[in-house]
Amino acid sequence: MKSKISMMGLNWEVDSAGTSSWHEGELPDQRSIKIAKENGIDLTSQRSRKFDSSDFDHFDHILTMDTSNFQNIRSMAKLESHINKIDLIMNYAYPNENRVVPDPYYNNGFSEVFEMLDTCCNKFIELYSNH
């Protein structure tokens, strides 16, 4: 998403966060870095951080990869306006189907996940770049 909005000259802030602190401060998986690099994107400045409740006030949209993260973040929301910011990212490619991004870690599905997220990011940008 960061790469796409930068190329389009959009003045958006994008960040990535998880719902646990297991990998806090670490780089993305080396396989993710490799696939992104093959697609012209450098992930080596990205570091893992834990989602914080202050993110609800800082970001307009909070996109999750799977149901577990969706539910974890939703449980942190104290206001309906915060709840309304949360969505599964795959809903941008498949509206209202609540599909999840499969974890590529065990089946080495990093290319497939990259393609899925690329499509979702394009749809998200298409929807919101005119607002």
H61 vs I86 side-chain heavy atoms within contact, under 4.5 Å:
no
Whether the N98 and N91 side chains hold a donor-acceptor pair (N or O, under 3.5 Å, no angle test) is what I'd like checked.
yes
Report whether Y105 and I89 are members of the same hydrophobic cluster (ILVMFWY, side-chain heavy atoms less than 4.5 Å apart, transitive linking).
no
Can any side-chain N or O of R47 pair as donor or acceptor with the backbone N or O of T44 at less than 3.5 Å?
yes
For the aromatic rings, using the six-membered ring if either is Trp, is the centroid distance between F124 and Y128 under 6.0 Å?
yes
Give a yes or no on whether Y92 and M8 share a hydrophobic cluster (residues Ile, Leu, Val, Met, Phe, Trp, Tyr; joining criterion: side-chain heavy atoms under 4.5 Å apart).
yes
Answer yes or no: is there a side-chain heavy-atom contact under 4.5 Å between W12 and D60?
no
Considering all heavy atoms of both residues, which atom of L43 and which atom of S32 are nearest to each other, and what is their separation?
CD1-O, 3.7 Å
Within a 6.0 Å radius of atom CD on E97, are there more than 12 heavy atoms belonging to other residues, nucleotides or ligands?
yes
Just checking N96: does its CG atom have more than 12 heavy atoms from other residues, nucleotides or ligands closer to it than 6.0 angstrom?
no
Starting at CG of N72, measure out to CG of D66 and round the result to the nearest 0.5 Å.
8.5 Å
Taking the side chain as every heavy atom from C-beta outward, state whether Q30 and L27 have any atom pair closer than 4.5 Å.
yes
Check whether any side-chain heavy atom of I73 sits under 4.5 Å from a side-chain heavy atom of I62, and report yes or no.
yes
Test: D15 and R49 ion pair at under 4.0 Å:
yes
Does N107 reach the main-chain N or O of G109 with its side chain, forming a donor-acceptor pair under 3.5 Å?
yes
To the nearest 0.5 Å, what is the distance between CE (M76) and OG (S54)?
8.5 Å
Within one Ile-Leu-Val-Met-Phe-Trp-Tyr cluster: L127 and M90, side-chain cutoff 4.5 Å:
yes
Identify the two heavy atoms, one from P102 and one from V113, that lie closest to each other, and give their separation to 0.1 Å.
O-CG2, 3.3 Å
Is there a donor-acceptor contact under 3.5 Å from the side chain of T119 to the main chain of E115?
yes
Any side-chain heavy-atom pair from N122 and K4 closer than 4.5 angstrom?
yes
Could you check whether any side-chain heavy atom of I83 comes within less than 4.5 Å of a side-chain heavy atom of R74, counting everything from C-beta outward?
yes
Are I125 and M1 packed together at the side-chain level, in the sense that at least one heavy-atom pair is separated by less than 4.5 angstrom?
yes
Distance-only, no hydrogens or angles: does the K85 side chain make a donor-acceptor pair with backbone N or O of F59 under 3.5 Å?
yes
Single-linkage hydrophobic cluster, 4.5 Å side-chain cutoff, I41 and I35 together:
yes
Lys NZ or Arg CZ of R31 over F110 ring: under 6.0 Å, within 45°
no
Under a 3.5 Å distance rule, please check whether D118 uses its side chain to pair with a backbone N or O of F114 as donor and acceptor.
no
Quick check: F56 with F51 (ring centres under 6.0 Å apart)?
yes
In Å, rounded to the nearest 0.5 Å, how long is the span from OG of S16 to CD of Q46?
4.5 Å
Measure across H82 and K78 and return the closest heavy-atom pair with its distance rounded to 0.1 Å.
ND1-N, 4.2 Å
Does the side chain of H58 come under 3.5 Å of the side chain of D52 through a donor N or O and an acceptor N or O?
no
Do any N or O atoms from the side chain of T64 and from the backbone of N69 form a donor-acceptor pair under 3.5 angstrom?
no
Joint cluster assignment, V100 & L117, ILVMFWY side-chain distance < 4.5 Å:
no
About how many Å separate CG of D29 and OG of S48, when rounded to the nearest 0.5 Å?
12.0 Å
Any side-chain heavy-atom pair from P104 and E112 closer than 4.5 angstrom?
no
